[in-house]
2 protein chains.
Amino acid sequence: MTERAETSADSDPSLANEAETRRSADSSERAYTTIRKLLVEFKLKPGERINEVQLSRSLGVSRTPIREALNRLASEGFVSLTPNRGFFVRSLSTEGLLDLYELRSIIESAAFKLMCERAEDSEIDRLRQYWEAIVDGYRDQPPDIILAEDEGFHLLIAELSGNPELVGQLASINARIRFIRRIQIEHPSHDKAQITSHSAIVEAAVKRDAENGAKLLREHIEMTVSATQQALKDALLKVFAPDNGADLKRRRRARDA
Amino acid sequence: MTERAETSADSDPSLANEAETRRSADSSERAYTTIRKLLVEFKLKPGERINEVQLSRSLGVSRTPIREALNRLASEGFVSLTPNRGFFVRSLSTEGLLDLYELRSIIESAAFKLMCERAEDSEIDRLRQYWEAIVDGYRDQPPDIILAEDEGFHLLIAELSGNPELVGQLASINARIRFIRRIQIEHPSHDKAQITSHSAIVEAAVKRDAENGAKLLREHIEMTVSATQQALKDALLKVFAPDNGADLKRRRRARDA
DNA sequence: GAACGCAATAGTGTCGACACTTTCTTGACG
DNA sequence: CGTCAAGAAAGTGTCGACACTATTGCGTTC
């Protein structure tokens, strides 16, 4: 009964970003995407210890691919490993999230400047087209699509910077904050400010106005952050529902250990 | 004869940077540092396929910890994984190296600005002290020490930015370009320009002159890059000694695959 | 003599088992 | 009653084995 020839073709392309090194098809890869999804959706709760045996049973594979996936996730900052004690879900406190957004802002505004210096006109035009193609129906899409389109927009800027390392970095950061972006998109506070921001950014790109575009991006991200604050609180409260937010502090402390 | 209770306490602290999640003591960790060292020293050559069995034999452990280490190294960009074909040493072409330095420059100058905004006076003073404590004997140290001190200096700035994600990023980049920095330090072109740069940066920090300090850092890194170009060529020629640089192009192409 | 295909070989991907470490339980002692 | 220790249980870290995939080398056919 250990045969693993299951027919479930549940590859979930919505999580298949990561401009990185790895193809799919093996069960280690499946484990990786599945676990990451669990993390991103708070099915595995911040601070929690991850039980390899249990996970391997529920995914129907042995512990080996599970551990390989967890190792990757550790390198990427999703989980942490304490020797002989196992993997722990790294809690993304509000604070840690701000750090991540800050880093993202740094990278993206730098990417924009580089793009202005280096990209061909035709490439800039690709950015414009990308945005114009989605702007119309933007608000009517389901959250996952909006999220993907939004990430795609920012990632395209990174690509046009001509620096693949930069792209990889941004992709990795995106993966880690994706859950909160989704929450934010679903939250009532999400509105068309996003759209005008993006349009302004495209405009600056066409003009190759590096400074202004970088500033717009910074502001755009900062705006998103503050809009996200409340959404995050709501989400965390929902996760640690029963008792009040009291044990939030405890988990925050556990993070540095 | 599979007992693994070897007494060799060869932990090699010079490679033990990585402000990350992991403690040591298990053989997976040893495998990680050892393999990374092999990569960094070109013992495993760019483009080469990594034979797990062979590696596991030469390290005296089974393939499991080897594979865990390789997975980590893949996340960090040292190697790449092609399913059913194995891990390959990711070739660091000149171009790729420039990308990495560029990213480093972006992160460091941003870190400097943040430090200026946020750090306590006492923290800035720590930076000043750190540099003053090493500046005198700086040039007389062995390369590894110089390297560590240099990395420490830049890493300290990142820490004073107050953003741990930024620190982690920089640490990871450092690990990847460390080999070339060492080569550059040993190269005749390395001289005291480094020292005056650092001193100027400290000075800007004390004055909290964010713009100027960031500019100095950018220039400092750019200078290092150009000084490094020749050193890199020399090193690569040494590695691919017999034939001329012809197959360099081939490897470059193999990189994107 | 070259191209093709097939067999043998080498190598990765995953498994189940076991040693060792941490955590939990229970019961003796103060 | 609370504290502590010893043993049991749970869990991680590593191993060797095996299935399956890619590669290599050889023989066959045209």
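Please read these numbers as outputs of a predicted model, since none were measured by experiment. Each chain gets a letter, A, B and so on, in the order its sequence line appears, and its residues count up from 1.
A close approach under 4.0 Å does occur between a side-chain nitrogen or oxygen of A:Arg67 and OP1 or OP2 of D:dG13. A close approach under 4.0 Å does not occur between any side-chain nitrogen or oxygen of A:Ser62 and OP1 or OP2 of C:dT14. Between A:Thr64 and C:dT14 there is no side-chain polar atom (N or O) within less than 4.0 angstrom of OP1 or OP2.
B:Ile66 has its CD1 atom 15 Å from the P atom of C:dG11, to the nearest Å. One can place CZ of B:Phe87 at 22 Å from P of C:dA10, the figure rounded to the nearest angstrom. Nucleotide D:dT14 holds its C1' atom 9 Å from the CD atom of B:Glu68, rounded to whole Å. Atom OH of A:Tyr32 is separated from atom P of C:dG13 by 17 Å (rounded to the nearest Å). Here C:dT12 presents its P atom at 18 Å from CD of A:Glu29, a figure rounded to the nearest Å. Between A:Arg57 atom CZ and C:dC15 atom P the separation is 14 Å, expressed in whole Å.
Looking only at distances, no side-chain donor or acceptor of A:Arg63 sits under 3.5 Å from a matching main-chain atom of A:Val53.
The nearest heavy atom of DNA chain C to A:Asn84 and to A:Arg63 marks one nucleotide each, and the one closer to the 5' end goes with A:Arg63.
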Can you name the atoms? Protein N/O to nucleotides 5-11 of chain D N/O, anything below 3.5 Å, with the distance.
{"residue": "D:dG11", "atom": "OP1", "partner": "A:Asn51", "partner atom": "ND2", "Å": "2.9"}

Practice task
Go through the steps for B:Arg72 and A:Arg72 under the test side chain to side chain contact (heavy atoms under 4.5 Å, CB included), then give the verdict.
Solution key: CA-CA 6 Å; B:Arg72 275 176 76 187; A:Arg72 276 176 76 187; over 6 Å; no

Practice task
Please assess B:Tyr101 against B:Thr228 for the test side chain to side chain contact (heavy atoms under 4.5 Å, CB included), listing each intermediate value before the final yes or no.
Solution key: CA-CA 11 Å; B:Tyr101 269 107; B:Thr228 298; 4.1 Å; yes

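The ring-ring contact (aromatic ring centres under 6.0 Å, His included) contacts involving residues 49-70 of chain A comprise nothing, where partners must be two or more places apart or lie in separate chains.
Remark: A:Arg49 engages no residue in a side chain to side chain donor-acceptor pair (under 3.5 Å) (not counting sequence neighbours).
No salt bridge links B:Glu48 with B:Lys43; every basic N to acidic carboxylate O contact stays at or beyond 4.0 Å.
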